[in-house]
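Take a look at the structure set out below.
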Amino acid sequence: MKITSYGINAVNAYNHQVRNAQSSTNKASFADKIEISKTAQEMQGISTYSTERTERVKQLKEDIASGEYKVDARKVAEDMLKYYRF
């Protein structure tokens, strides 16, 4: 019995497709990169949170060192209730 190879090329047609060769001059890096949006960059420039926090911490340290710092027990209790209720 003779078996012919008729139609075998149609089964794996994708193997015989012409591939476009890319030039080796365009080697792109596949490393991850981070881009910060313009809005985030503006927020970083405007933010004065760190300076305000630094001043507040400095003032608290001075008050504690001098003995003038007083704890508001009612405020502490209210904040604890808020924290544990939600």
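Taking CD from Gln59 and CD1 from Ile64, the interatomic distance works out to 10.5 Å, rounded to the nearest 0.5 Å. Taking CD1 of Ile36 as the reference point, atom CD1 of Ile34 lies at 7.5 Å (rounded to 0.5 Å).
Note on Leu60 and Val76: same hydrophobic cluster, where clusters join Ile, Leu, Val, Met, Phe, Trp and Tyr whose side-chain heavy atoms are under 4.5 Å apart, directly or indirectly. Under the 4.5 Å side-chain heavy-atom criterion for Ile, Leu, Val, Met, Phe, Trp and Tyr, Val71 and Met80 are members of the same hydrophobic cluster.
Cluster partners of Leu81 are absent, since no Ile, Leu, Val, Met, Phe, Trp or Tyr has side-chain heavy atoms less than 4.5 Å from it.
Contact check on Lys70 versus Glu68 returns no salt bridge, with no Lys/Arg side-chain nitrogen under 4.0 Å from an Asp/Glu carboxylate oxygen.
Partner of Lys58 under the side chain to side chain contact (heavy atoms under 4.5 Å, CB included) criterion, chosen from Arg56, Glu62, Glu55: Glu62.
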